[in-house]
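Notes follow once the structure below has been shown.
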Protein chains: 2
Amino acid sequence: MAPFDSGKSTWKNAALLDATCVDCDVRNTAFCDGVPERELARLETLATFLEIRSGETIINEADPSEFIFNVTGGAVKLYKLMADGRRQITGFLFAGSFLGVSDHSEYAYTAEALAPTSLCRFPRKKFESLLAEFPTIGQRMVSILMDDLAGAQNQMLLLGRKTARERVASFLVLLSTRTGKKEQGREVLPIPMNRVDIADFLGLTIETVSRTLTSLKKDNIITIPDGGHIEILDSDELAAISEHL
Amino acid sequence: MAPFDSGKSTWKNAALLDATCVDCDVRNTAFCDGVPERELARLETLATFLEIRSGETIINEADPSEFIFNVTGGAVKLYKLMADGRRQITGFLFAGSFLGVSDHSEYAYTAEALAPTSLCRFPRKKFESLLAEFPTIGQRMVSILMDDLAGAQNQMLLLGRKTARERVASFLVLLSTRTGKKEQGREVLPIPMNRVDIADFLGLTIETVSRTLTSLKKDNIITIPDGGHIEILDSDELAAISEHL
DNA sequence: CGACTCGTTGACTCTCTTCAAGGATAGTGG
DNA sequence: CCACTATCCTTGAAGAGAGTCAACGAGTCG
């Protein structure tokens, strides 16, 4: 087996788990929300539970889309690559997210674990029959995909029209709404991704991200206790920057 | 009634048509593909057929999402606005496309007709019950939304990482695959949108779009017979530019 | 024919990138 | 325990690509 840091390894090396749908952490947020409790056993016959390590690849862009996934824990980044190595991260996923968007029969992006990550996996074909069997799954999927599409359009606005400062502020606001927890006005965000990932998500360089964070720090809007955390001091100001100037 | 060029008018001013599902032009591309012929009458009881003029608004960003639409003819642009007027066009839709993506209960974008456009409209609530009634609609919707999401991710790569020349080339390639028809090697694209729209779609200014088109013309990759058309002379080179350098 | 819109072109500016160097932190091995 | 290395992040100086500002040409409409 490849060493811990291998970026080439895939879910084929992943540990298989004996998890169950009943005590799934994302039971009420994933697309299986709405499947009646008594049907969970049926659902489980189609699912495989996986655990993968940080840095491992889950799916590759342009590979045939044989499976779809739910992220049940951890963090995942999605990205597209150009021939010369330029990269655009199209999203970060956390527990409860759907994974495996495809254009026709090929995956639209590469997905890689940012942290130790757990997943449940369904064969695509069987998933399609699930839609016929459980109409509520179809409704949930439509709802999830629409939310994802709305998020993608926000990101297009960011990438097409926002300044570096606005992009970084938007990024912090986004992370805050998804993973943040406030403690008496103070809000310390865990940042599971490195500067390269942030830059490739925001369409910037790592230098610009670094400079912009330093600038926000100087303006007393954030502090940076360490590389893995950012504390938001003035979330109102941050929100104002993110959508205006 | 407002004059022809009004941008404020909405579908509320639209002409209602006595169209039918049976002889619908997009019968086999829209989400209703897969609904058995004998059920079309049932579908029709929920649908309203509309015709709107160029420049009219179909839906507004952040309005409650009461309806969803199929574009049955014409052309539509989708966009998001910032407070200071900066605009990002997130997509152009043609016949067969789905319209009305919402984040929770609000539309994610504004939609405006680029040309005289025909639509069929379903109340959102009834549409949801349709998903339960016709599982194939759910499957089609999932498929359509995934394709849209894959397209959105391509656009993120474009906006985040491509140069102006690559963006314009990508745009022409995209239009070519969607509305183009080749005639003995020559391919004349109708361009239903103006330079402002192209710029706002590509995250550029009109000047940069204009300069880039001129540059492609000088390199004998395209010609510009008039404002509304672009002829592609070398589609291979155009494709090469669009994804490399 | 003037007024307007739209697209093109030129000159200059500026934001962000590129290139380069230096700090901080963690892991490794003598 | 402390160099040694590697990785990640920050900071600085210079450069480039796209933006801004401005003028002009072509087509359209009243």
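Numbers restart at 1 for each chain; the letters A, B, ... are given by sequence-line order, proteins then strands.
Here the P atom of nucleotide D/dA18 and the CG atom of B/Leu158 are 12 Å apart, to the nearest Å. One can place CD1 of B/Ile230 at 17 Å from P of C/dC6, the figure rounded to the nearest angstrom. Taking atom CG of residue A/Leu204 and atom C1' of nucleotide D/dA18, one finds them 15 Å apart after rounding to whole Å. If you take CD1 of B/Ile206 and P of D/dG25, they are 18 Å apart, rounded to a whole angstrom. With rounding to whole Å, A/Ile191 atom CD1 is found 14 Å from D/dC9 atom C1'. Atom C1' of nucleotide C/dA24 and atom CD1 of A/Ile224 are separated by 14 Å, given to the nearest angstrom. One interatomic measurement links the two molecules: CG of A/Asp197 to P of D/dT7, which rounds to 16 Å at whole-angstrom precision. Atom CZ in B/Arg167 sits about 7 Å away from atom P in D/dA18, given to the nearest Å.
Projected onto DNA chain D by closest heavy-atom contact, A/Asn194 and A/Arg161 fall at different nucleotides, the more 5' of which corresponds to A/Asn194. Annotation: of the two residues near DNA chain D, A/Gly227 and B/Lys162, the 5′-most nearest-nucleotide partner is A/Gly227.
Electrostatic pairing of A/Arg86 and B/Glu166 counts as a salt bridge here, judged by a charged N lying under 4.0 Å from a carboxylate O. Between A/Asp200 and B/Arg161 a salt bridge is recorded (basic side-chain N to carboxylate O distance below 4.0 Å).
A donor-acceptor pair under 3.5 Å links the side-chain atoms of A/Ser118 to the main chain of A/Gly73, judged by distance alone.
In this pair, A/Phe98 and A/Phe31 present their aromatic rings perpendicular. The plane angle is above 60°, beyond the 30 to 60° band.
Remark on the helix from C/dC1-D/dG30 to C/dG30-D/dC1: inter-end axis angle 30°, axes from five-pair C1' superpositions, rounded to 10°.
No side-chain heavy atom of B/Leu114 sits less than 4.5 Å from a side-chain heavy atom of B/Val76. Counting heavy atoms from C-beta on, the side chains of B/His229 and B/Ile191 never come closer than 4.5 Å.
Pairing each heavy atom of B/Gln88 with each of B/Gly203, the nearest pair is OE1-CA, 4.1 Å. Shown here for B/Ala199 and B/Val209, the closest heavy-atom pair between the two residues is CA-CG2, 3.8 Å.
Looking at residues 207-220 of chain A, you'll see A/Glu207, A/Thr208, A/Arg211 sit with a heavy atom under 4.0 Å from some atom of DNA chain C.
Counting any heavy atom pair closer than 4.0 Å across all strands shown, A/Gly228 reaches no nucleic acid atom.
By the salt bridge (charged side-chain N to carboxylate O under 4.0 Å, His left out) test, A/Arg211 is found to be paired with no residue, residues two or more places apart in sequence or in another chain being considered.
Of the candidate nucleotides C/dT18, D/dT10, D/dA18, D/dA18 has the atom nearest to the side chain of B/Ala164. Listed nucleotides D/dT10, D/dG19, C/dC16 differ in distance to A/Arg195; the shortest reach to its side chain belongs to D/dT10.
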